[in-house]
Amino acid sequence: EVRLVESGGGLVQAGGSLRLSCVASGFTFDEYAIGWFRQAPGKEREGVSCIDSRDGKTNYRESVKGRFTISSGNAKNMVYLQMSDLKPEDTAVYYCAVGSFLRCARYIQAGLYNHWGQGTQVTVSS
């Protein structure tokens, strides 16, 4: 069973930084994309960033480019999201997800990812 656990969320002032971590286990496939998503109250879940297991290719939604960086750890089951210059509009529950045999595409679509973590809350105060 694939299991994903996020951590690193919290409360931070605007302009601050946080690093989210995602630990994945139970993989039986070597080709996948790991994505970070977020969902604010009353809004749809949106793709933030993804990384491809095959070549390390990454993609970001436009509003976080230059502020967020996705990376994988030395162990293939760790993925991080470094978030800098945080803004109040970044406030949301952040989820990591795995898409088996999926490529990290320019448009990060939640419906294509088939395993999800429980999420971690990020709150940015103004």
Side-chain angles (χ1 to χ4, degrees):
E1 178 186 1
V2 177
R3 186 164 179 256
L4 301 162
V5 180
E6 305 95 336
S7 62
L11 173 64
V12 65
Q13 289 188 332
S17 300
L18 284 173
R19 188 176 83 155
L20 305 183
S21 299
C22 174
V23 181
S25 61
F27 280 36
T28 59
F29 42 86
D30 290 327
E31 297 180 346
Y32 54 89
I34 291 185
W36 282 99
F37 297 81
R38 66 187 182 187
Q39 188 166 19
K43 295 190 177 181
E44 291 189 357
R45 191 168 297 189
E46 60 185 24
V48 175
S49 182
C50 61
I51 186 166
D52 198 310
S53 70
R54 300 161 188 81
D55 54 12
K57 178 183 176 182
T58 60
N59 277 301
Y60 300 89
R61 72 179 297 106
E62 198 63 35
S63 63
V64 307
K65 283 182 180 178
R67 300 188 298 122
F68 291 11
T69 303
I70 191 170
S71 62
S72 56
N74 290 332
K76 83 169 191 180
N77 64 333
M78 293 291 298
V79 174
Y80 305 99
L81 185 69
Q82 177 68 46
M83 306 185 295
S84 302
D85 190 21
L86 283 160
K87 306 176 187 299
E89 52 264 40
D90 295 317
T91 295
V93 177
Y94 282 70
Y95 301 88
C96 68
V98 170
S100 50
F101 306 105
L102 186 66
R103 302 306 301 250
C104 172
R106 179 179 176 184
Y107 297 104
I108 309 164
Q109 299 176 265
L112 299 180
Y113 288 73
N114 50 355
H115 302 283
W116 291 81
Q118 293 301 305
T120 185
Q121 176 71 47
V122 172
T123 303
V124 184
S125 63
S126 57

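Nearest heavy atom pair, residue Ile34 against residue Ile70, reads O-CD1, 4.0 Å. Across all non-hydrogen atoms, the minimal contact from Ser17 to Gln82 is CB-NE2, 4.0 Å. Taking all atoms of both residues into account, the shortest heavy-atom contact from Pro88 to Ala14 is CD-CB, 4.2 Å. Nearest heavy atoms, Cys22 versus Trp36: CB-CZ2, 3.6 Å.
Using bins of under 30°, 30° to 60° and over 60° for the plane-to-plane angle, the ring pair Phe37/Tyr113 lands in the perpendicular bin. Ring planes of Tyr94 and Phe68: tilted class, angle from 30 to 60°.
Distance CD/Gln39 to CD/Glu44: 8.5 Å, rounded to 0.5 Å. Note: Ser126 OG to Gln13 CD = 9.5 Å, rounded to the nearest 0.5 Å. The distance from the SG atom of Cys96 to the CD atom of Glu6 is 4.0 Å, given to the nearest 0.5 Å. To the nearest 0.5 Å, atoms CZ (Phe101) and CZ (Arg54) are separated by 8.5 Å. One distance of note links SG of Cys50 with CG of Leu112; it measures 10.5 Å at 0.5 Å rounding.
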Quick one, His115 with Leu4, criterion side-chain contact (heavy atoms from CB on, under 4.5 Å). Give me CA distance, side-chain angles, the key distance, then yes/no. CA-CA 8 Å; His115 302 283; Leu4 301 162; 4.2 Å; yes

Using the side-chain contact (heavy atoms from CB on, under 4.5 Å) rule, take Asp90 and Met83 through it: C-alpha gap first, then chi angles, then the decisive distance, then the call.
CA-CA 10 Å; Asp90 295 317; Met83 306 185 295; over 6 Å; no

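Applying the salt bridge (charged side-chain N to carboxylate O under 4.0 Å, His left out) test to residues at least two apart or on different chains, the pairs with a partner in residues 93-119 are Asp52-Arg103, Asp55-Arg103.
With hydrogens and angles ignored, the 3.5 Å screen pairs no side-chain donor or acceptor of Ser100 with any backbone N or O of Tyr32. Judged purely by atom type and a 3.5 angstrom limit, Arg3 has no side-chain atom pairing as donor or acceptor with the backbone of Ser25. When atom types are taken as modelled, the side chain of Ser53 and the backbone of Asp30 share a donor-acceptor pair closer than 3.5 angstrom.
Every residue was checked against the side chain to side chain donor-acceptor pair (under 3.5 Å) condition with Asn59, not counting sequence neighbours, and none meets it. With sequence neighbours excluded, the residues satisfying side chain to side chain donor-acceptor pair (under 3.5 Å) with Gln121 are Thr123.
Val93 and Leu20 fall into different hydrophobic clusters, defined by Ile, Leu, Val, Met, Phe, Trp and Tyr side-chain heavy atoms under 4.5 Å apart, directly or through other members. A single hydrophobic cluster is not seen to contain both Val5 and Leu81; linkage of ILVMFWY side chains at heavy-atom distances under 4.5 Å, directly or through other members, places them apart. Following chains of ILVMFWY side-chain contacts shorter than 4.5 Å, one can reach Val64 starting from Ile51, so the two form part of one hydrophobic cluster. Note: the hydrophobic cluster containing Val48 also contains Val122 (ILVMFWY, side chain heavy atoms under 4.5 Å, direct or indirect links).
Both cation-pi conditions hold for Arg19 and Tyr80: the charged atom is under 6.0 angstrom from the six-membered ring centre and inside a 45 degree cone around its axis.
More than 12 non-hydrogen atoms from other residues, nucleotides or ligands lie less than 6.0 angstrom from CD of Glu89. Counting non-hydrogen atoms of other residues, nucleotides and ligands closer than 6.0 Å to NZ of Lys57 gives a total of 12 or fewer.
Inter-residue side-chain proximity for Tyr60 and Thr69 is flagged as met; some heavy-atom pair is nearer than 4.5 Å.
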